[in-house]
There are 2 protein chains.
Amino acid sequence: MNVRTLCLSILFEGEATGYEIRRKCVEGECAYFIEASFGSIYPALNKLEQEGLVTSRTQQQSGKPAKKVYSITDAGRAAFADELAAPLGEDVFRSPFLLFARYAHILPRELVETRAAEQLDKLVQDRKKLDNVAAEHGSKAGDTWVLNYGRAIMELAERHMRAHMHELITMARAEPNKDAAE
Amino acid sequence: MNVRTLCLSILFEGEATGYEIRRKCVEGECAYFIEASFGSIYPALNKLEQEGLVTSRTQQQSGKPAKKVYSITDAGRAAFADELAAPLGEDVFRSPFLLFARYAHILPRELVETRAAEQLDKLVQDRKKLDNVAAEHGSKAGDTWVLNYGRAIMELAERHMRAHMHELITMARAEPNKDAAE
DNA sequence: ACTTGCATGTAAGTGGTTACATGATTGG
DNA sequence: CCAATCATGTAACCACTTACATGCAAGT
């Protein structure tokens, strides 16, 4: 799933500017968990317009810079459906925290405590974000399904973390700090 | 978490060749879920050797091509510990399947059924893989912790999928096939 | 006066993948 | 005879990120 498809999927739901698309990925958290930056979104939208999959109109605003509102075309809708019908890529889960956790035994206890707390905090934050999206969004069935899937997993991750983080901390080096690194 | 750190973490556990490192990521599934290809591993190992973080010795084999066995150095161990002590990157979860699921309502039922079944199968396979790693591997405490975390989540994902995939299928377009794309 | 939010875009850099090149041996 | 496994490596390519460039208005 690339930025191109992401843009198509958001525009499938309705008009949006590049700026809004980015916000939906970072803040609104599109539920299926993708992030994208301006540097990829703007070129993607330009290319999609060249290909005739989206159209744009420039909208002047008082006190704010003009914005380019993009709409999906019929060709765009078709291309998006095609993409969904194509074989799906692999789900990816990459966790720097789990790599860290694996080596808890060589790390100072204080650090492990901090990182574990940070991780739990992130989990809580992310779950809350999903809860908010679920509450605001008068979303359609597919959205709700995806949201519920995400929430179920987040909830478990949070619970598991809360229940087992102390085990991780006890694995850590108890010695105050000899600085194993240097 | 880049390939460089991945190599360091595997070599931290013991000697290995580039070929073996790759296998551990793809088959053995290192528990913290990273993949890497030859095209990134070999250059990474070369660079690590240049920097003195690993050393290599060439081992001749009868009937097989010679292999380069890498070992981590003290400097390498220190660099790895440093990397772990640095602020952690964000956990990433990207799911093409969830994007697909979100648009179940515009897709033909047959396709949704197929993809849902495939997804469940992947989940089952991945969980089994983790179970195997847990069984074989007489692993140290950190490994077990990470493995259990992964297994708990996999198990839930599988259960959730099994319980709710039929909902997804009922959302899909019931019409046999008008081919919405063309 | 400064920062934040709105808004678009480009250029350089990064971190990977894919495909290719090479070559021996074993098993079907 | 062909495919697969073992084994290392390079080159071309790709998608995306980061940093930069620009600019105006409102809030602090």
Side-chain angles (χ1 to χ4, degrees), chain A residues 1-11 15-28 30 33-51 54-70 83 87 89-90 92-94 96 99, chain B residues 1-8 10-11 15-28 33-51 54-70 83 87 89-90 92-94 96 99:
Chain A
M1 297 305 79
N2 45 22
V3 173
R4 179 196 159 84
T5 311
L6 170 73
C7 290
L8 239 28
S9 86
I10 287 171
L11 294 176
E15 295 186 331
T17 66
Y19 195 84
E20 285 164 358
I21 289 175
R22 196 252 180 171
R23 231 191 14 200
K24 273 180 191 173
C25 303
V26 178
E27 289 166 43
C30 298
F33 325 107
I34 296 183
E35 283 206 40
S37 60
F38 291 130
S40 53
I41 290 171
Y42 286 122
L45 287 171
N46 281 330
K47 216 192 154 201
L48 285 170
E49 192 168 22
Q50 272 168 42
E51 293 171 31
V54 305
T55 53
S56 71
R57 61 190 159 78
T58 306
Q59 204 173 72
Q60 240 63 39
Q61 300 179 111
S62 55
K64 284 178 194 175
K67 62 183 179 181
K68 249 169 111 174
V69 183
Y70 287 92
E83 203 124 11
E90 293 282 304
V92 172
F93 178 50
R94 218 171 293 180
L99 180 62
Chain B
M1 295 303 80
N2 47 19
V3 173
R4 180 196 160 82
T5 312
L6 170 72
C7 289
L8 240 26
I10 287 171
L11 293 175
E15 295 186 331
T17 66
Y19 195 83
E20 285 164 356
I21 289 175
R22 194 252 181 171
R23 232 190 16 202
K24 272 180 192 174
C25 304
V26 179
E27 291 166 43
F33 325 107
I34 296 182
E35 282 205 42
S37 60
F38 291 129
S40 53
I41 290 171
Y42 286 123
L45 287 171
N46 281 330
K47 215 191 153 203
L48 284 170
E49 192 170 21
Q50 273 169 41
E51 293 172 30
V54 305
T55 53
S56 70
R57 63 191 157 78
T58 306
Q59 203 170 70
Q60 240 64 38
Q61 298 179 114
S62 55
K64 285 180 193 172
K67 61 183 181 180
K68 252 169 109 175
V69 183
Y70 287 92
E83 202 123 10
E90 293 282 303
V92 172
F93 178 49
R94 218 172 297 180
L99 179 62

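Residue numbers begin at 1 in each chain, while the letters A, B, ... track the order of the sequences.
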Rounded to whole Å, how long is the line connecting atom [atom1] of [X] with atom [atom2] of [N]?
{"X": "A:Gln50", "N": "C:dG9", "atom1": "CD", "atom2": "C1'", "value": "14 Å"}
{"X": "B:Lys67", "N": "D:dT8", "atom1": "NZ", "atom2": "C1'", "value": "13 Å"}
{"X": "A:Gln61", "N": "D:dA25", "atom1": "CD", "atom2": "P", "value": "13 Å"}
{"X": "B:Lys68", "N": "D:dA7", "atom1": "NZ", "atom2": "C1'", "value": "12 Å"}
{"X": "A:Tyr19", "N": "D:dC24", "atom1": "OH", "atom2": "P", "value": "17 Å"}
{"X": "A:Arg4", "N": "D:dA15", "atom1": "CZ", "atom2": "P", "value": "10 Å"}
{"X": "A:Gln60", "N": "D:dG23", "atom1": "CD", "atom2": "P", "value": "16 Å"}
{"X": "A:Arg22", "N": "C:dC6", "atom1": "CZ", "atom2": "C1'", "value": "12 Å"}

- Is a side-chain N or O of A:Gln59 found less than 3.5 angstrom from the main chain of A:Val69, in a donor-acceptor match?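 No, A:Gln59 side chain to A:Val69 backbone: no donor-acceptor pair under 3.5 Å.
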- With the side chain of A:Asn2 defined as its heavy atoms from C-beta on, choose the nearest nucleotide among D:dG9, C:dG9, D:dC16. D:dC16
- Return the residues of residues 38-47 of chain A meeting this criterion: a heavy atom under 4.0 Å from some atom of DNA chain D. Order them by number, or give none. A:Gly39, A:Ser40
- Task: Report the relative orientation of the aromatic rings in A:Phe38 and A:Tyr19; use parallel for angles under 30°, tilted for 30 to 60°, perpendicular for over 60°.
- Result: parallel
- The single option from B:Thr17, B:Ile21, B:Ile10 passing side chain to side chain contact (heavy atoms under 4.5 Å, CB included) against B:Ile41: B:Ile21
- N/O (side chain, B:Thr17) to phosphate O (OP1/OP2, D:dA7) under 4.0 Å: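 Answer is no, no contact under 4.0 Å.
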- Could you check if a side-chain atom of A:Ser9 sits within less than 4.5 angstrom of a side-chain atom of A:Thr5, using non-hydrogen atoms only? no
- Salt-bridge present (A:Lys24, A:Glu20; N to O < 4.0 Å):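 Here A:Lys24 does not pair with A:Glu20 in a salt bridge, since their nearest N and O are not under 4.0 Å apart.
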- Task: Using five pairs at either end of the helix from C:dA1-D:dT28 to C:dG28-D:dC1, determine the angle between the two local helix axes and round it to 10 degrees.
- Result: 30°
Every protein N/O within reach of nucleotides 20-25 of chain C N/O, cut-off under 3.5 Å:
unit_1 : atom_1 : unit_2  : atom_2 : d
C:dT25 : O4'    : B:Gly63 : O      : 3.1

